[in-house]
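Inspection log for the structure reproduced underneath, given as C-alpha cells.
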Amino acid sequence: MRTSQYLVSTLKETPANAEVVSHQFMLRAGLIRHLASGLYTWLPTGLKVLKKVENIVREEMERAGAIEVLMPMVQPADLWQESGRWEDYGPELLRLNDRHQRPFVLGPTHEEVITKLISHELSSYKQLPMNVFQIQSKFRDEIRPRFGVMRGREFLMKDAYSFHLGEECLQKTYQVMFDAYCRIFERLGLDYRPVLADTGSIGGDASHEFHVLAESGEDDIVFSDGSDFAANIEKAEALAPQGERPAATQTLEKVSTPNAKTIEQVAESLNIPATQTVKTLLVQGIAEEGQAAPIIALVLRGDHQLNEIKAEKLPLVASPLTMATDEQVLAASGANPGSVGVVGIDIPVIVDRSAAHLADFVCGANENDFHFTGVNWDRDCTNYQVEDIRNVVAGDPSPCGQGKLEIKRGIEVGHIFQLGKKYAEAMNCGVLTESGKHEVLNMGCYGIGVSRIVAAAIEQNHDKYGIKWPEAIAPFQVAIVPMNMHKSARVQETAEALYSELQQAGVEVLFDDRKERPGVMFADHELMGTPLLLVVGERNLDNQEVELKNRQTGEKSMIAIKDVLSLFDK
RNA sequence: CGGUGAUUAGCGCAGCUUGGUAGCGCACUUGGUUUGGGUCCAAGGGGUCGUAGGUUCAAAUCCUACAUCACCGACCA
C-alpha cells in the first residue's frame, strides 16, 4: 500500500472528549471516527486491525471445533417474548417497528435465534454436541457509552453457542472453549487473566471472564498471592473473620454527633477508626402482591463497600438492587440517612460477616444527629441474619484458603458461560435420545468482544508517541520511509524496489511515498504503531544498506538491502 | 436516569463578565524556502457561533426552552 493511495488521517492534537489513551490514539492514528454516542466508523487502518483480531478468533474457534454461521442483527420480538427476555432485558434492548408496525429488536446477543435454529435443525442425539459461532455486529443501547469502542453501543462480537445432551458433555466443551480462549489471547499478544465470574443477566451456572489487565479497566479483579485463584470482585467471597467474636466490654451509650453523616465524619468526631463503626444501608425488599415493597437493612463495617451482586441474590432483597428513598428511610428508621442504625429498628436486618464479628461498635441511633457507642450484637440487636454482602478488599484472605487477595483493574474481553437448559427449555430445543425420548439440550455460550480487544491492546501497548502493536494485529508489518525521495533518484529506486519485492513476497507493507519531511513521517508511523520501519536514505546507500527501526524495542540497526526479505521468513 | 461541564472553521481553543459586522494555532490550497525527527516566509479558501424562540436600534455575547456531546454513579463483550 502506498500512502498516496491510502487514507492516513493522523491527527496532531488530541480530540477534547477522548478520555482514555486507547480512544485518543485510535482517533489520532486514524483508526476510527466518531459518528454519534457509542457509534464509530472504522477507517482503513482500524479495519485492518479489527480484521486481524477477527481472523485469529475465527481460526482458533474453528480449531476448537466450532462452525461459523451468520445470524441477522434484526430479530422478531416474538422470539424474545418466548424466552422471557422481552421483559427481562430492559432498556438496553433497542426495540423498533417495521412498516407494518411489527415489533423487532436489534440483537444484543443471539441465544434466542440460535436456539430456535438448532431446535429446527437438530433432531437426534447423534448430531451432538454441536458448537456454532458467528462474528457479527451487536447493538446494546448502553446507559453510558464511553471510552470510544471500549464501550460502544454497536460493536463487533464473536458469539458461540454449544448444545449438549447432559451436563458432562457441556463441561467438556466449556473446557475446550476455555483453552481456545487462552490460545486466542496469547496469539493476540495480550497480558490477560481468566477469572471466575458472576453469570449476570444471561443466566446459567458456571462462568469465567477473560480480562486484559490495564489501569483503565472498568472491572476490579482479585487475585490470591498464594494460589492461582482469580475472580471478578463481584464474585469473590469475603470469608468470615477468624475466631470468636470478642466479648462486649462497653455499655450502650447514646452520643450526640451533630453534622456527622458519613462514616468518616462519625469516626473523626468520636475519634475511632472506621473499622469500629457499622453503616446501615436501607434497600427495597421484594413486594408482596399489591403491596408496597418492604425495606431491608444491610449492615456493613464502616470501611467496607456493599457488593450489589451478592446483595440482590438474597431472597429478601429486590433485584435489581434499589436503595430506599429518603422518605422510606425516615419512615422505617425514624431518622434521615446518616443516622440510621441497628438498635431497635423494626425491619429485617442482614449483617455482613465482618460487621457481625464486631464488638463495642458504633452505629446510628435512628434519631437525627445521634449515634450509639458500645453496641453489641445479640445484646442490643437480637433479630438479624449474617451473610456475605461486601466487596473483598486487598489483604483479605483468599476464599480458596491460600494466600491473601490483591486487586487489579481489568478490561473484560471475553466471557464464557454454562447456560444449562434455560433457553433450550423456553424455546423447546431438544433431540431424541438413544432410548427414543425427547430431551431438552444443555447449552453453553461464549463471547469475545472483538472491537473491544483492539482498544484493550492499545491500552496495554503504547508509549507517549503512539501505539506499539503486537505483531499479530499490526495493520502493517513494515513501513518503508524514504528520506527526501524527490531529491534522490537512488533513494527512490531503492524504495520502489524494496516495496515491490516485499509486496510480491506477500508482506503487508506501507510505502510512505508522500512528499513529507522525515520528522512528519516518523511521527505518523510511531503514532500508527507499525512494528518495523525501513528507513531508506542517501547516507547508507553506498553500503547497500537501509536502517531498520523496531517500534516495540526502539532499537535501530543497519541491514543489507538484499537481506530485508529474510526478515519476513516465516 | 440522576449529578457536573461543554457546544464558535476539519482539530485544539480565545472572544461572552461590560451587546456594536467573528479571531488565534494546527490542518488545507498556491508560490517560494528547507530537508535524517512535526522547517520558515508570503498569499489564500473555509464558520447559519448546536437549534428554536425572546429582549434590543443591534445578540456568539443577555433571557427561556430544547438538542447533542463528554465526564462521575448503576449495565456488559
Side-chain angles (χ1 to χ4, degrees), chain A residues 8-20 23-24 27-28 30 33-39 53 57 89-93 108-110 135-160 181 197-202 209-212 218-219 232 234 306 308-309 312 319-323 410-417 445-456 465-466 481-488 491 515-527 533 535-540 546-547 549 556:
Chain A
V8 173
S9 288
T10 52
L11 303 175
K12 222 169 187 176
E13 281 171 293
T14 303
N17 47 25
E19 197 72 8
V20 296
H23 188 196
Q24 293 173 351
L27 291 167
R28 285 194 53 207
R33 285 293 179 262
H34 180 255
L35 179 64
S37 181
L39 301 175
V53 175
V57 171
Y89 209 92
E92 254 167 67
L93 182 62
T109 170
H110 282 67
I135 298 174
Q136 188 235 24
S137 280
K138 297 281 182 279
F139 192 93
R140 295 185 190 170
D141 201 356
E142 293 279 348
I143 304 168
R144 183 145 97 80
R146 62 183 142 170
F147 303 156
V149 299
M150 195 100 90
R151 179 174 298 282
R153 291 195 293 174
E154 186 176 325
F155 59 98
L156 193 64
M157 176 171 168
K158 186 283 299 175
D159 46 328
Y181 272 43
D198 185 70
T199 49
S201 64
I202 293 187
E209 289 168 354
F210 288 77
H211 283 262
V212 166
E218 297 183 83
D219 289 277
N232 192 305
E234 294 171 354
L306 179 68
E308 302 195 3
I309 304 279
E312 64 194 23
S319 176
L321 189 84
T322 315
M323 299 302 288
I411 302 166
E412 185 190 352
V413 290
H415 200 161
I416 59 178
F417 301 84
C445 78
Y446 318 92
I448 287 185
V450 176
S451 43
R452 182 181 281 181
I453 283 174
V454 177
Y465 301 110
V481 185
M483 297 292 101
N484 303 308
M485 187 164 73
H486 62 286
K487 287 191 116 181
S488 162
V491 169
K515 192 186 165 188
E516 284 290 355
R517 294 171 59 83
V520 174
M521 293 181 173
F522 288 133
D524 274 348
H525 293 292
E526 273 157 13
L527 184 56
L533 245 52
V535 184
V536 182
E538 207 31 68
R539 61 162 81 143
N540 300 310
V546 292
E547 185 182 310
K549 294 182 73 169
K556 298 181 194 176

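Look at CD on Q24(A): it is 16 Å from P on C11(B), rounded to the nearest Å. The distance from atom CG of L27(A) to atom P of A27(B) is 19 Å, rounded to the nearest whole Å. Between the C1' atom of C76(B) and the CD atom of E308(A) lies a distance of 15 Å, rounded to the nearest Å. As rounded to whole Å, 9 Å separates atom P of G36(B) from atom CE of M483(A). Protein atom CZ of F522(A) is 16 Å distant from nucleotide atom C1' of U39(B), rounded to whole Å. Rounded to an integer number of Å, the gap from K515(A) NZ to U30(B) P is 11 Å. For the pair M521(A) CE and U34(B) C1', the computed distance is 15 Å after rounding to whole Å. Whole-Å rounding puts the E516(A) CD to U39(B) P distance at 8 Å.
In this model, a side-chain donor or acceptor of E13(A) finds a partner on the base of G25(B) within 3.5 Å. Side-chain to base pairing of D219(A) with C76(B): one donor and one acceptor N or O lie within less than 3.5 Å of each other.
Among C75(B), G38(B), G36(B), the nucleotide with an atom closest to any side-chain atom of V535(A) is G36(B). Distances from the side chain of H486(A) to the nucleotides U35(B), A74(B), C71(B) place U35(B) closest. Taking every side-chain heavy atom of R517(A) into account, U35(B) is the closest of U35(B), C26(B), A77(B). The listed nucleotides are U35(B), G38(B), C71(B); the one nearest the side chain of E19(A) is C71(B). Side chain of E92(A), nearest nucleotide from C75(B), A77(B), C69(B): C75(B). In the set A70(B), A77(B), C26(B), the nucleotide with an atom closest to the side chain of N17(A) is A70(B).
Taking atom C1' on both nucleotides, A43(B) is separated from U33(B) by 15 Å, rounded to a whole Å. A distance of about 10 Å separates the C1' atoms of C1(B) and A74(B), rounded to the whole Å. Nucleotides A14(B) and U8(B) are separated by 10 Å at their C1' atoms, to the nearest Å. With C1' as the reference atom, A60(B) and C16(B) are 7 Å apart, rounded to whole Å. U61(B) and G50(B) have their C1' atoms separated by 16 Å, with the value rounded to a whole Å. Comparing U18(B) with A59(B), their C1' atoms sit 14 Å apart, to the nearest whole Å. Here the separation of C49(B) from G32(B), taken at their P atoms, is 38 Å to the nearest Å.
Contact between the side-chain N/O atoms of K12(A) and the OP1/OP2 oxygens of C26(B) is not found at any separation under 4.0 Å. Considering only side-chain N and O atoms, H23(A) lies nowhere under 4.0 angstrom from the phosphate OP1 or OP2 of A70(B). The phosphate of U68(B) (OP1 or OP2) has no side-chain N or O of S37(A) nearer than 4.0 angstrom.
Note on E209(A): nothing from the nucleic acid sits closer than 4.0 angstrom, heavy atoms only. Here G537(A) lies in heavy-atom contact (under 4.0 Å) with a base. Contacts of E526(A) with the nucleic acid, taken as non-hydrogen atoms under 4.0 Å apart, include base atoms. V413(A) comes within 4.0 angstrom of sugar-phosphate atoms only, judged by non-hydrogen atoms across all strands, and of no base.
Across all strands shown, U61(B) has no partner, as no Watson-Crick or G-U wobble contact with both distances under 3.5 Å is found. For U39(B), there is no paired base (Watson-Crick or G-U wobble, both distances below 3.5 Å). Pair assignment for G5(B): C69(B), on the basis of Watson-Crick or G-U wobble contacts that are both within less than 3.5 Å. Across all strands shown, C16(B) forms no Watson-Crick or G-U wobble pair with both key distances under 3.5 Å. The partner of G44(B) is C28(B), by the rule that a Watson-Crick or G-U pair needs both atom distances under 3.5 Å.
Between N232(A) and D198(A), the closest side-chain pair of non-hydrogen atoms is not below 4.5 Å.
Of the two residues near RNA chain B, T10(A) and E218(A), the one whose nearest nucleotide lies more 5' is T10(A). For the pair L11(A) and I448(A), both in contact range of RNA chain B, the more 5′-proximal nearest nucleotide belongs to L11(A).
For the atom pair E142(A) CD and R153(A) CZ, the distance stands at 9.5 Å (nearest 0.5 Å). We find the CG-NE2 distance between N17(A) and H23(A) to be 7.0 Å, quoted to the nearest 0.5 Å.
The aromatic ring of F155(A) sits over the base of A77(B), with ring centres less than 5.5 Å apart and planes inclined by under 30°.
Looking at residues 142-152 of chain A, you'll see E142(A), I143(A), R144(A), P145(A), R146(A), F147(A), M150(A), R151(A), G152(A) sit with a heavy atom under 4.0 Å from some atom of RNA chain B.
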